[in-house]
Amino acid sequence: MTAWAPIGHGVRMTLDILHPLSDALETSLQIDFPLNATGEVGFQNFGWWGFDIHPQQYNTSLWYLNNYPRNTQGNASDITVSFRSNVTGETWASSTFKNVTPTYIDFKQLETTLHPNATAPDANNTFAITFDGAQVAGQTFYFNLVSVFPETFKGYQNGLRPDIAQGFYDLNPTFLRFPGGNNLEGYSPAQRWKWWETLGPLQNRPGRVGDWNYYNTQGLGLLEYLEWTEAMNIEPVLAVYAGFSLDVYGQNGASYPPEQMPEILQEALDELEYCMGDNSTKWGAQRIADGHPEPFKINFVEIGNEDWFSVTYPYRFQIMYDGLKKAYPNITYISTAFNENAANYNISIPDGNMWDWHGYQEPSWFLANFDLWDNWQEETNNTGVTVLLGEYSVIQIDTPSGIVNYSYPLDVHVQYPRLLSAIAEGVYALGAERNPNTVRMSSYAPSLQNRNFTNWTPDMISYDALHDNTVLSASYWQQWLFAHYRGTETLPVTATEGEINPLYWAASIDEEKNAIYLKVINTLNSTVPLSVNIPSAYSGVNGTSITASDLNSYNYVGNNTEVVPRPAEVESTASSANGSAWSWDVPKFSITVLQFDLC
């Protein structure tokens with residue numbers, strides 16, 4: 001049984017389906033204690049590759065049930081929960097429920113808190129549930145929904161792990177697209193994201209088979225996603241299931257036929273009612289009952305995910321769009337396909353709406369497509385359509401064919417984002433920033449990687465059980481740099497000498513800070529002289545750069561600051577009257593934001 005083990009001689013653990021906690025959680029853990037049990041007995045969990053133990057409050061909960069034939073006398077027992085080291089046996093924290101009375105018909109919940117006074121030196125720790133063998137000798141217990149929850153980001157119930165959430169928050173993000181991704185579609189229609197099954201008490205959430213070889217408990221449900229956007233004060237981009245699941249990648253995935261699409265449309269309408277409805281609506285009342293009286297505001301809805309895998313999106317998109325638009329005319333709707341499946345169809349995206357573009361490519365592709373969005377609306381006859389760069393990253397180094405190999409060959413695959421990745425992605429992001437009327441939103445993907453169990457690389461943030469081991473990648477810091485120097489209006493830049501490549505640039509003005517930001521990326525292995533004329537007087541110049549000793553430099557545990565933003569070596573006291581030039585040598589292989597403080 002993965003991650004679980006008995007404690008004490010003769011203690012037996014099995015899975016039981018005769019004593020479900022609920023209709024949602026039908027399998028319980030059965031613990032049989034031997035007739036001659038003595039001393040400490042029980043069972044333990046090894047966590048997700050360990051536990052991070054340090055002084056804070058851990059909310060602890062478990063549900064238990066007794067077997068009557070093996071405890072007919074109704075003997076009470078003490079139950080102790082604890083954190084302990086696998087290395088030294090040291091107990092970091094413990095709490096004991098005294099004289100717990102048996103329950104034979106319905107599970108009962110026990111709740112407490114653990115408060116370690118010290119920090120464990122590593123993650124090799126377990127969570128144990130133990131008894132006095134003399135008290136439970138010959139008895140059988142059933143357990144379900146054992147939970148140990150550390151403190152969360154901003155204190156939300158079922159909330160986010162603080163170190164990871166802080167990484168997102170520090171990016172200065174503006175939106176969150178949820179619940180994904182392939183996570184939305186599911187491996188089959190039966191295992192897709194069913195938002196209504198992610199609501200309410202955890203014991204009523206059935207969970208489901210995930211798309212990436214792990215199980216989804218649905219502890220992170222619709223309300224938790226919405227509260228994530230609330231906690232970070234960012235825009236929710238709600239993706240709704242659109243009738244396609246990934247039974248078979250390619251053109252033969254499972255699609256709802258036209259006559260059944262109304263039920264899928266109704267699911268999406270109900271979901272929006274949950275988000276935004278008041279007490280007079282069924283689902284708005286449910287949200288209030290779930291503890292969030294105030295409605296959420298949904299301005300963006302994405303219809304499906306990567307539906308260019310399917311030949312059925314034309315009718316599915318139209319049915320979903322027409323029905324959603326009728327009910328919520330002010331929402332911006334996002335198509336997940338346009339011309340990716342041109343051999344079969346193009347999607348005619350209505351004016352005022354968006355296309356979600358995804359791309360995992362080689363570095364040279366991003367450089368070559370710096371200008372992709374310059375005239376995209378006119379060239380594709382989409383003058384009223386805007387773009388979400390929903391997923392993009394450098395996934396392998398340049399190869400002669402330029403074709404991405406998704407089998408991840410070691411000689412070309414980029415496992416962790418490198419300086420090379422950040423530079424190429426940054427160039428592409430500059431191209432987007434030059435076209436704010438076309439590209440409205442962008443986001444790196446994927447965001448998270450558990451280094452102990454990985455299905456896709458590279459990823460923006462990697463982590464393990466220890467919070468101090470969370471690594472913010474080179475790609476993360478490129479995103480961070482551009483987000484923290486985000487102007488309010490894009491400015492034209494005229495090149496009087498030299499052209500785009502090997503130097504790439506974009507400029508904007510921050511009207512609130514009265515500053516001009518010039519973002520410059522040098523893709524050469526040598527410095528490049530730069531001369532800048534600002535048509536306004538400025539009082540000073542400062543800069544922030546990302547570079548490293550080698551293009552292949554990357555951040556990792558023990559060296560997580562190899563590729564991070566640092567102050568650029570510029571004359572911070574420089575000033576200029578109107579029209580005079582400011583000169584600087586742009587460092588090799590670097591991403592820099594220059595800030596000109598206007599007078």
Side-chain angles (χ1 to χ4, degrees), residues 171-175 177 306 338-340 354-377 379-380 386-399 402-404 414 416-447 457-460 473-487 490 493 495 499-508 517-524 545-547 551-552 554 563 565 586 589-593:
L171 272 177
N172 195 23
T174 58
F175 73 94
R177 169 178 162 250
E306 292 184 349
F338 167 52
N339 63 352
E340 301 94 330
M354 301 179 72
W355 170 40
D356 181 5
W357 177 93
H358 294 182
Y360 300 95
Q361 297 289 347
E362 297 180 346
S364 59
W365 187 96
F366 287 108
L367 269 61
N369 286 276
F370 166 76
D371 60 354
L372 177 64
W373 306 108
D374 285 359
N375 302 295
W376 178 82
Q377 290 173 316
E379 291 174 352
T380 62
T386 53
V387 174
L388 159 64
L389 304 183
E391 299 181 18
Y392 70 94
S393 71
V394 169
I395 194 169
Q396 70 181 32
I397 63 174
D398 289 336
T399 61
I403 299 174
V404 172
V414 175
Y416 297 106
R418 310 173 186 179
L419 176 62
L420 170 69
S421 312
I423 288 174
E425 294 153 6
V427 166
Y428 193 61
L430 285 182
E433 287 199 9
R434 294 202 314 169
N435 295 279
N437 293 328
T438 298
V439 181
R440 292 186 63 183
M441 304 184 213
S442 69
S443 58
Y444 181 98
S447 296
T457 55
D459 306 272
M460 187 171 67
S473 71
S475 293
Y476 171 94
W477 288 113
Q478 180 273 311
Q479 297 280 334
W480 181 96
L481 185 62
F482 278 23
H484 280 258
Y485 294 92
R486 183 188 296 125
T490 299
V493 178
E499 298 178 349
I500 290 287
N501 189 5
L503 217 59
Y504 295 80
W505 59 80
S508 63
Y517 303 137
L518 178 62
K519 296 176 179 177
V520 183
I521 297 180
N522 182 2
T523 61
L524 282 184
S545 290
I546 297 174
T547 188
L551 264 182
N552 292 315
Y554 66 98
V563 188
V586 184
F589 295 145
S590 65
I591 307 169
T592 300
V593 177

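Both tests pass for K519 against the ring of F482: distance under 6.0 Å to the centre and angle within 45° of the axis.
In this structure, F366 and V427 approach most closely via the heavy-atom pair O-CG1, 4.1 Å. Between P458 and Y444, the shortest heavy-atom distance links the atoms CG-OH, 3.7 Å. For L389 against D356, the heavy-atom pair with the smallest separation is C-OD1, 4.4 Å. Nearest heavy atoms, L372 versus W365: CD2-CH2, 4.4 Å.
Residue N522 holds its CG atom at 8.0 Å from CD1 of I423, rounded to the nearest 0.5 Å. From R434, atom CZ reaches atom OG1 of T490 across 10.0 Å, with rounding to the nearest 0.5 Å. Atom CG in D371 sits 9.0 Å away from atom CD1 in I500 (nearest 0.5 Å). Atom CG of L481 is separated from atom CD1 of I591 by 7.0 Å, given to the nearest 0.5 angstrom. Taking OG1 of T380 as the reference point, atom CG of N375 lies at 10.0 Å (rounded to 0.5 Å). Taking OG of S508 as the start and OH of Y517 as the end, the distance is 7.5 Å to the nearest 0.5 Å.
Residues forming a salt bridge (charged side-chain N to carboxylate O under 4.0 Å, His left out) with D398 (at least two apart in sequence, or on another chain): none.
Judged purely by atom type and a 3.5 angstrom limit, S473 uses its side chain to pair as donor or acceptor with the backbone of M460. Looking at S443, its side chain does come within 3.5 Å of a backbone N or O of G390 through a donor-acceptor pair. Checking side-chain atoms of E425 against main-chain N and O of Y392 turns up no donor-acceptor pair under 3.5 Å. When atom types are taken as modelled, the side chain of E362 and the backbone of T399 share a donor-acceptor pair closer than 3.5 angstrom. One N or O on the side chain of T547 and one on the backbone of F589 form a donor-acceptor pair closer than 3.5 Å. Remark: side-chain polar atoms of Q478 are not paired, donor with acceptor, to backbone N or O of A424 under 3.5 angstrom. In this structure, the side chain of T523 engages the main chain of P502 through a donor-acceptor pair within 3.5 Å.
When each of I395, V563, V414, L551 is tested with S421 by the rule side-chain contact (heavy atoms from CB on, under 4.5 Å), just one qualifies, namely V414.
The distance between the ring centers of W357 and W376 does not fall below 6.0 angstrom.
The shortest side-chain heavy-atom distance between R418 and V394 does not fall under the 4.5 Å cut-off. Between T386 and Q377 there is a side-chain heavy-atom pair separated by less than 4.5 Å. The shortest distance between side-chain heavy atoms of F338 and E340 falls below 4.5 Å. For the pair R486/N172, a side-chain contact is recorded, criterion being any heavy-atom separation below 4.5 Å from C-beta on. With contacts defined as side-chain heavy-atom distances shorter than 4.5 Å, the pair L388/R440 does not qualify. Residues H484 and V593 have side chains not in contact (no heavy-atom distance under 4.5 Å, counting atoms from C-beta outward). The shortest side-chain heavy-atom distance between P417 and W477 does not fall under the 4.5 Å cut-off. Residues M441 and R177 fail the side-chain proximity criterion, which asks for heavy atoms closer than 4.5 Å.
Classification of the Y416-Y554 ring pair by plane angle, with boundaries at 30° and 60°, yields parallel.
One side chain, Y428 or W373, offers a donor N or O that lies under 3.5 Å from an acceptor on the other.
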